[in-house]
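Scroll down for the structure; my scribbles are underneath it.
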Amino acid sequence: MKDLLERLLDYYSITKDEYSLLIKDINPQAFVNKYRFNNVKEAVNLVNETIKSGKKIHIYGDYDADGIMGISILVKMFQYLSYNVTYYVPNRYTDGYGLNMEQAHKLVDEHIGLCICVDNGVSAVEPIKLLRENNIDVLVLDHHEAPEILPDANVILHPFLSKLSEYSTSGASVAFLFSVYMLKRFDKYLSTLASISIISDMMPLKGYNRDLLRIVFPKYNEGEFFQIDLLKGSDSFDENTIGMSIAPKINSVGRIITDNSSNNIIKYFTSNNREEILTYYTWINELNEERKNASKSLLNSGFLVQEDCSSIVINVNEKEGLIGLIANSLVNKYNKPSIVFTYNPEQDILKGSCRSQEGFNVVEAFNLS
């Protein structure tokens with residue numbers, strides 16, 4: 001008769017050899033040896049040459065938790081290297097996702113020597129072309145689906161293009177692994193920020209992602225990282241706390257802020273001043289409360305949903321950054337595919353966000369329409 005372990009392995013279709021690999025001890029050095037971008041040396045050389053020349057380095061990220069963690073990892077890395085850099089958290093409402101032509105022109109005007117795109121860039125063909133035509137070097141650290149035509153960046157670090165793993169990882173995790181080779185060490189704080197991005201971006205907990213979390217979570221010590229302790233409160237630092245508490249607070253900044261003050265969240269994660277960190281923590285909490293209250297207010301506003309309808313489509317007068325949360329709340333409440341629109345006056349269009357219950361593929365549904 002099979003013992004409990006054998007029955008569990010049968011249930012999950014895992015062999016004993018596969019199980020042995022899953023529970024095999026992994027330490028930082030083994031992790032670094034196992035996962036290496038095939039062109040990371042070129043990326044390190046590019047940055048080192050820029051530092052030696054004294055040229056300006058600019059980091060361009062994204063407004064979600066992954067992008068924010070990616071920028072923070074790189075800014076902190078350059079702090080360790082004692083090299084000042086500039087950075088930018090794009091505004092969801094005016095910049096949109098990824099490096100755009102307007103921001104690229106600004107970098108040209110500011111005489112930037114190297115632009116590092118993190119959690120974006122692999123599809124920014126025209127903006128990067130503009131930078132390269134103006135003698136600005138470009139390093140892309142991205143994880144999004146790579147198009148057939150890649151931008152003319154000096155170096156692109158991408159989990160699939162570099163065959164890092166058969167599973168995708170977050171943009172911030174790409175930045176973290178790059179930092180390992182820049183710093184020539186596995187930094188615990190930077191790995192902790194990367195672990196937040198893996199959960200916040202809902203990466204598969206396999207391969208690189210699972211191995212990194214297995215290193216970070218057990219070794220998290222209370223009182224070691226003030227910023228993370230504040231965000232998690234009395235809860236343990238694990239995937240549940242990140243998903244339910246830490247990531248929503250970080251994401252609230254990009255959802256609520258309509259000006260460039262969202263860049264302050266990078267100061268929160270990279271500052272060494274406890275008073276400054278506390279000030280930004282209060283600001284983050286206020287934004288998170290605004291986010292929660294806006295979602296609750298709409299859901300309690302009493303709009304009618306017919307019981308026999310197959311889906312929900314509504315138009316609301318809310319910030320664009322909130323409509324995804326509202327759509328998700330509708331799915332949880334009514335168990336129906338939900339689309340929430342809001343009017344964007346600058347572009348004179350309706351912008352929407354769609355969510356659905358498990359088992360219903362939204363992309364396929366639109367393709368069939």
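Given the structure is predicted, the values throughout are model-derived calculations rather than measurements.
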- Item | Stepwise side-chain contact (heavy atoms from CB on, under 4.5 Å) test for Phe178 and Leu183 | CA-CA 9 Å; Phe178 171 65; Leu183 299 173; over 6 Å; no
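- Pairing each heavy atom of Tyr281 with each of Leu230, the nearest pair is OH-O, 3.1 Å.
- For Ser261 and Asp259, the side-chain atoms include at least one donor-acceptor pair closer than 3.5 Å.
- A distance-only check finds no donor-acceptor pair linking the side chain of Ser162 to the backbone of Pro159 [under 3.5 Å].
- In this structure, Ser236 and Thr241 approach most closely via the heavy-atom pair O-OG1, 2.6 Å.
- The shortest heavy-atom contact between Gly70 and Val118 is CA-CG2, 3.8 Å.
- For Asp66 and Ser200, the side-chain atoms include no donor-acceptor pair closer than 3.5 Å.
- Two residues are said to be in side-chain contact when any heavy atoms from C-beta on lie closer than 4.5 Å; Lys188 and Asn221 meet this criterion.
- Taken together through direct or relayed side-chain contacts under 4.5 Å among Ile, Leu, Val, Met, Phe, Trp and Tyr, Val32 and Met77 form part of one hydrophobic cluster.
- With sequence neighbours excluded, the residues that form a salt bridge (charged side-chain N to carboxylate O under 4.0 Å, His left out) with Arg185 are Asp187.
- For Glu133, the CD atom counts as densely surrounded, since its 6.0 Å shell holds more than 12 non-hydrogen atoms of other residues, nucleotides or ligands.
- Inspection of the Glu276 and Asn273 side chains reveals no N or O donor paired with an N or O acceptor under 3.5 Å.
- Salt-bridge check for Lys292 with Glu289: passed, with a basic side-chain N closer than 4.0 Å to an acidic carboxylate O.
- Side chains of Ile57 and Ile112 form no contact here, defined as non-hydrogen atoms less than 4.5 Å apart.
- Residues Ile198 and Phe31 fall within the same hydrophobic cluster, defined by Ile, Leu, Val, Met, Phe, Trp and Tyr side chains chained together at heavy-atom separations under 4.5 Å.
- A donor-acceptor contact shorter than 3.5 Å links the side chain of Arg92 to the backbone of Gly254.
- For an aromatic pair to be called close, the ring centres must be under 6.0 Å apart, and Tyr167 with Tyr208 fails this.
- The closest donor-acceptor contact from the side chain of Asn134 to the backbone of Leu130 lies under 3.5 Å.
- Side-chain atoms of Asn45 and Glu49 include no donor-acceptor pair closer than 3.5 Å.
- Aromatic ring centroids of His144 and Tyr97 lie under 6.0 Å apart.
- Atom CE of Met202 has 12 or fewer neighbouring heavy atoms from other residues, nucleotides or ligands inside a 6.0 Å radius.
- Residues Asn209 and Met203 approach most closely at ND2-CB, 3.6 Å, considering heavy atoms.
- Of the inter-residue distances, the one linking Lys232 atom NZ with Asp238 atom CG reads 9.0 Å to the nearest 0.5 angstrom.
- Ring planes of Phe237 and Tyr220: parallel class, angle under 30° (limits at 30 and 60°).
- The shortest distance between side-chain heavy atoms of Lys129 and Asp152 does not fall below 4.5 Å.
- Between Leu190 and Tyr80 the shortest side-chain heavy-atom distance falls below 4.5 Å.
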- Go through the steps to decide whether Phe37 and Leu161 satisfy the test side-chain contact (heavy atoms from CB on, under 4.5 Å), and finish with yes or no. CA-CA 9 Å; Phe37 291 104; Leu161 295 177; over 6 Å; no
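- Contact annotation: the side chain of Pro248 approaches that of Arg291 to within less than 4.5 Å [non-hydrogen atoms, C-beta and beyond].
- Checked by atom type, the side-chain pair Asp95/Tyr88 shows a donor-acceptor distance below 3.5 Å.
- Taking CG of Asp201 as the start and CG of Asp119 as the end, the distance is 6.0 Å to the nearest 0.5 Å.
- The distance from the CD1 atom of Ile242 to the CG atom of Asp235 is 11.5 Å, given to the nearest 0.5 Å.
- Between the side chain of Asn288 and the backbone N or O of Ser252 there is no donor-acceptor pair closer than 3.5 Å.
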- Item | Phe186 vs Asn27, side-chain contact (heavy atoms from CB on, under 4.5 Å): CA-CA, chis, key distance, verdict | CA-CA 10 Å; Phe186 185 106; Asn27 55 57; over 6 Å; no
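- A donor-acceptor pair shorter than 3.5 Å cannot be found between the side chains of Tyr268 and Asn264.
- Scanning for salt bridge (charged side-chain N to carboxylate O under 4.0 Å, His left out) contacts around Lys206 gives an empty result, with sequence neighbours left out.
- The shortest side-chain heavy-atom distance between Val174 and His158 does not fall under the 4.5 Å cut-off.
- Clustering ILVMFWY residues whenever any of their side-chain heavy atoms sit less than 4.5 angstrom apart, transitively, puts Val47 in a cluster other than the one holding Leu107.
- Rounded to the nearest 0.5 angstrom, Ile196 CD1 and Leu231 CG are separated by 7.0 Å.
- The two residues Ala153 and Ile128 make their nearest non-hydrogen contact at N-CG2, 3.9 Å.
- Judged by distance alone, the side chain of Asp229 and the main-chain N or O of Gly223 form a donor-acceptor pair under 3.5 Å.
- Screening Tyr60, Phe78, Tyr87 for a side-chain contact (heavy atoms from CB on, under 4.5 Å) with Ile116, the sole residue that qualifies is Phe78.
- Contact check on Asp64 versus Arg255 returns no salt bridge, with no Lys/Arg side-chain nitrogen under 4.0 Å from an Asp/Glu carboxylate oxygen.
- No hydrogens or angles considered: nothing links the side chains of Thr169 and His143 as a donor-acceptor pair under 3.5 Å.
- If you look at Phe269 and Tyr280, their ring centroids are not closer than 6.0 Å.
- Under a hydrophobic-cluster definition in which Ile, Leu, Val, Met, Phe, Trp and Tyr are linked whenever side-chain heavy atoms come within less than 4.5 Å, directly or via other members, Tyr83 and Ile136 are assigned to different clusters.
- Looking at every heavy atom in both residues, Leu139 comes nearest to Ala43 through CD1-CB, 3.8 Å.
- Side-chain N/O atoms of Lys76 and Asn272 include a donor and acceptor closer than 3.5 Å.
- Using a 4.5 Å heavy-atom cutoff, the side chains of Ser262 and Tyr63 are not in contact.
- Within a 6.0 Å radius of CD1 in Ile149, other residues, nucleotides and ligands contribute 12 heavy atoms or fewer.
- Criterion: ILVMFWY side-chain heavy atoms under 4.5 Å apart, direct or through other members. Under it, Val75 and Leu81 are part of a common hydrophobic cluster.
- By the 4.5 Å heavy-atom criterion applied to side chains, Cys117 and Cys115 are counted as neighbours.
- Here the CG atom belonging to Leu114 is positioned 9.5 Å from the NZ atom belonging to Lys55, to the nearest 0.5 angstrom.
- We find the NZ-CD1 distance between Lys249 and Ile246 to be 7.5 Å, quoted to the nearest 0.5 Å.
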- Yes or no on side-chain contact (heavy atoms from CB on, under 4.5 Å) for Lys41 and Val155, after CA distance, side-chain angles and deciding distance? CA-CA 10 Å; Lys41 184 177 180 180; Val155 185; over 6 Å; no
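- In this structure, a donor-acceptor pair under 3.5 Å is present between the side chains of Asp137 and Asn154.
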